[in-house]
Structure formats: structure tokens, C-alpha cells
Amino acid sequence: LSSAASDVYKRQIIDRLKDGYDVCLNDFCTFGISAKYRRVDRINEIRAESIFVKGMHVRTSEVVNKKLKWARFERESEK
């Protein structure tokens, strides 16, 4: 994948996430974001300006999980 094509994909994924959508990459994974907001006494005090992105999560698909099921992990030798 070229750098230019990679940049296009990144921009498209970020734009969809900013619009509040989860982004699914076929049978690979789904990206989503979580939000946080400042504490309020009443729920009707929550305003859009006080909501921020907390982080991004990635959920791998069942297909990927099955392929990774037999992944081997090895301890790195101590130096």
C-alpha cells in the first residue's frame, strides 16, 4: 500500500470516527472511539462542548481471532 493510499484510508477512517460511527474493515477489525465528559449534577447539564474523546478501541473479527488462536509467544532471552 503506497503512502498516499494509506493517508487516504487514514483520513476516511478518522472522518467516520469523528462523525460518531464505528468503522469496520471487512473481516479484519472494527475501530471505535469512547468518550468522556466532565462530571455534572444533572444529566441535562451535559453539553456537546464538554464531551471529549477518551480513546480508540479495536475489535478484531472472528476470522482474525481464529487465525491468531494458535499464535506462538516466546520469551525473549535475557541479556
Side-chain angles (χ1 to χ4, degrees):
L1 195 61
S2 73
S3 179
S6 176
D7 289 344
V8 169
Y9 280 119
K10 284 188 246 181
R11 278 196 308 273
Q12 289 177 337
I13 290 170
I14 290 169
D15 287 346
R16 295 299 285 174
L17 290 170
K18 284 170 47 178
D19 288 339
Y21 293 98
D22 284 350
V23 179
C24 179
L25 300 180
N26 295 325
D27 286 331
F28 187 67
C29 68
T30 301
F31 296 98
I33 57 172
S34 55
K36 66 179 179 179
Y37 56 91
R38 67 173 178 78
R39 292 203 171 264
V40 294
D41 294 326
R42 293 184 305 245
I43 197 78
N44 64 345
E45 292 178 351
I46 297 174
R47 300 283 182 256
E49 299 83 23
S50 64
I51 301 172
F52 304 94
V53 172
K54 181 178 179 181
M56 185 176 78
H57 56 269
V58 179
R59 291 185 309 271
T60 55
S61 70
E62 286 186 38
V63 172
V64 171
N65 283 336
K66 285 179 184 177
K67 290 180 179 182
L68 292 176
K69 185 177 182 178
W70 303 109
R72 292 186 234 168
F73 297 94
E74 297 178 15
R75 183 181 301 259
E76 187 174 308
S77 62
E78 295 183 29
K79 296 179 182 179

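No hydrogens, no waters, no symmetry mates; every other heavy atom, side chains included, goes into these values. As the structure is a computational prediction, the values presented were derived from the model and not from experiment.
For residues 13-31, the set of pairs meeting the salt bridge (charged side-chain N to carboxylate O under 4.0 Å, His left out) definition, not counting sequence neighbours, comprises D22-R59.
Here CE of M56 is found 8.5 Å from CD1 of I14. Values are rounded to the nearest 0.5 Å. In this structure, OH in Y37 is found 8.0 Å from CZ in R39, a value given to the nearest 0.5 Å. Rounded to the nearest 0.5 angstrom, L17 CG and F31 CZ are separated by 8.0 Å.
More than 12 heavy atoms of other shown residues, nucleotides or ligands fall within 6.0 angstrom of atom CG in N44.
The hydrophobic cluster containing V58 also contains V53, counting ILVMFWY residues as joined when their side-chain heavy atoms lie under 4.5 angstrom apart, directly or transitively. Placement of W70 and V63 in two distinct hydrophobic clusters is found when ILVMFWY residues are connected by side-chain heavy-atom separations under 4.5 Å, directly or transitively.
Residues meeting the side chain to side chain donor-acceptor pair (under 3.5 Å) test with R11, sequence neighbours left out: none.
Nearest approach of V64 to F28, heavy atoms of both residues: CG2-O, 3.4 Å.
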